[in-house]
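The block underneath contains the structure these notes are about, expressed in structure tokens.
For the single chain, residues carry numbers from 1 onward in sequence order. These numbers come from the heavy atoms of this one structure, side chains and all, not from hydrogens, waters or symmetry mates.
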Amino acid sequence: MDRAAVQQLMEHFLAAYNEGDPRHLDHCLHPEYRHPNPAVERGIEGMRAAIRRWASTVEDLSLTLDDLVVEGDKAVARMTFSGRQVGPILGIPASGRRFSVGLIDIFLIEDGLFAQHWDEMDLLGLHRQLGALPD
């Protein structure tokens, strides 16, 4: 898949988070989407639920694309995830604090859509910025 087509998929993925609107996922995720995180419900519905959860706990949520690498049937996106915590995140009570952390997602592309992804978020930085760990 060429970079321009993957860029279009990424725009929908980012818009789902930035607008808090999981309907954008219909334009970028495969109907049989697979997420490796056991805490996330399987399929596209699991990702819709994750979008709604983040949107309800993070005010001014922003997911920005910093780098995109496309090779064969995979795309790697380096992103920045930021906002202000207004609800519990990963067991951390609402703090009202702002945060900004790095995130890397690797997407598998099938039939022109994201079919699976693996992600790594700077959870140590997130915990520190939200006051769950000492600086």
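Evaluation of the side chain to side chain donor-acceptor pair (under 3.5 Å) rule for Asp2 yields no partner, not counting sequence neighbours. With sequence neighbours excluded, no residue forms a ring-ring contact (aromatic ring centres under 6.0 Å, His included) with His24. For Arg52, the salt bridge (charged side-chain N to carboxylate O under 4.0 Å, His left out) test picks out no residue, with sequence neighbours left out. Listed by chain and residue number, Phe107 satisfy the ring-ring contact (aromatic ring centres under 6.0 Å, His included) test with Phe114 (two or more places apart in sequence, or in another chain). For Phe81, the ring-ring contact (aromatic ring centres under 6.0 Å, His included) partners at least two apart in sequence or on another chain are Trp54, Phe99. Legend: residues meeting salt bridge (charged side-chain N to carboxylate O under 4.0 Å, His left out) with Arg23, ordered by chain and number and at least two apart, are Asp21. Remark: His35 pairs with no residue by the side chain to side chain donor-acceptor pair (under 3.5 Å) rule, at least two apart or across chains. Not counting sequence neighbours, the partners of Glu110 by the salt bridge (charged side-chain N to carboxylate O under 4.0 Å, His left out) test are Arg34. Under the salt bridge (charged side-chain N to carboxylate O under 4.0 Å, His left out) criterion, Asp60 pairs with Arg98, sequence neighbours left out.
By the 6.0 Å contact criterion, CD on Glu32 is open, its count of non-hydrogen atoms from other residues, nucleotides or ligands being 12 or less.
Atom CG of Leu9 sits about 9.0 Å away from atom CG of Leu29, to the nearest 0.5 Å. Rounding to the nearest 0.5 angstrom, the gap separating the CD atom in Gln8 from the CZ atom in Arg3 is 12.0 Å.
Between Leu126 and Met121, the closest side-chain pair of non-hydrogen atoms falls below 4.5 Å. Annotation: side chain of Tyr17 is not in contact with side chain of Met79 (no heavy-atom distance under 4.5 Å).
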Audit row: His117, Leu108, side chain to side chain contact (heavy atoms under 4.5 Å, CB included) steps and yes/no: CA-CA 6 Å; His117 92 266; Leu108 176 66; over 6 Å; no
Side chain to side chain contact (heavy atoms under 4.5 Å, CB included) assessment of Leu103 paired with Asp119: CA-CA 7 Å; Leu103 173 68; Asp119 57 65; 4.3 Å; yes
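A salt bridge links Arg48 to Glu45: at least one charged side-chain nitrogen sits closer than 4.0 Å to a carboxylate oxygen.
No path of Ile, Leu, Val, Met, Phe, Trp and Tyr side chains, each step under 4.5 Å between heavy atoms, connects Val101 with Ile104, placing them in separate hydrophobic clusters. A single hydrophobic cluster is seen to contain both Phe13 and Met1, as judged by linkage of ILVMFWY side chains at heavy-atom distances under 4.5 Å, directly or through other members.
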Taking only distance into account, with no hydrogens and no angle test, what donor-acceptor pairs under 3.5 Å do side-chain atoms of residues 127-134 form with protein atoms, sequence neighbours excluded?
residue: His127; atom: ND1; partner: Leu123; partner atom: O; Å: 2.8
residue: Arg128; atom: NE; partner: Pro134; partner atom: O; Å: 3.3
residue: Gln129; atom: OE1; partner: Ser100; partner atom: N; Å: 2.7
residue: Gln129; atom: NE2; partner: Ser100; partner atom: O; Å: 3.0
residue: Gln129; atom: NE2; partner: Gly125; partner atom: O; Å: 3.4

Validation: residues 61-70 side-chain donor-acceptor distances under 3.5 Å, sequence neighbours left out:
residue: Asp66; atom: OD2; partner: Thr80; partner atom: N; Å: 3.2
residue: Asp66; atom: OD2; partner: Thr80; partner atom: OG1; Å: 2.6
residue: Asp67; atom: OD2; partner: Arg78; partner atom: NE; Å: 2.8
residue: Asp67; atom: OD2; partner: Arg78; partner atom: NH2; Å: 2.6

Sequence neighbours excluded and cut-off under 3.5 Å, please list the side-chain donor-acceptor pairs for residues 82-91, or say none.
residue: Arg84; atom: NE; partner: Glu59; partner atom: OE2; Å: 3.0
residue: Arg84; atom: NH2; partner: Glu59; partner atom: OE1; Å: 3.3
residue: Arg84; atom: NH2; partner: Glu59; partner atom: OE2; Å: 2.8
residue: Gln85; atom: OE1; partner: Ser95; partner atom: N; Å: 3.1
residue: Gln85; atom: OE1; partner: Ser95; partner atom: OG; Å: 2.6
residue: Gln85; atom: NE2; partner: Gly87; partner atom: O; Å: 3.1
residue: Gln85; atom: NE2; partner: Ile92; partner atom: O; Å: 2.9
residue: Gln85; atom: NE2; partner: Pro93; partner atom: O; Å: 3.2

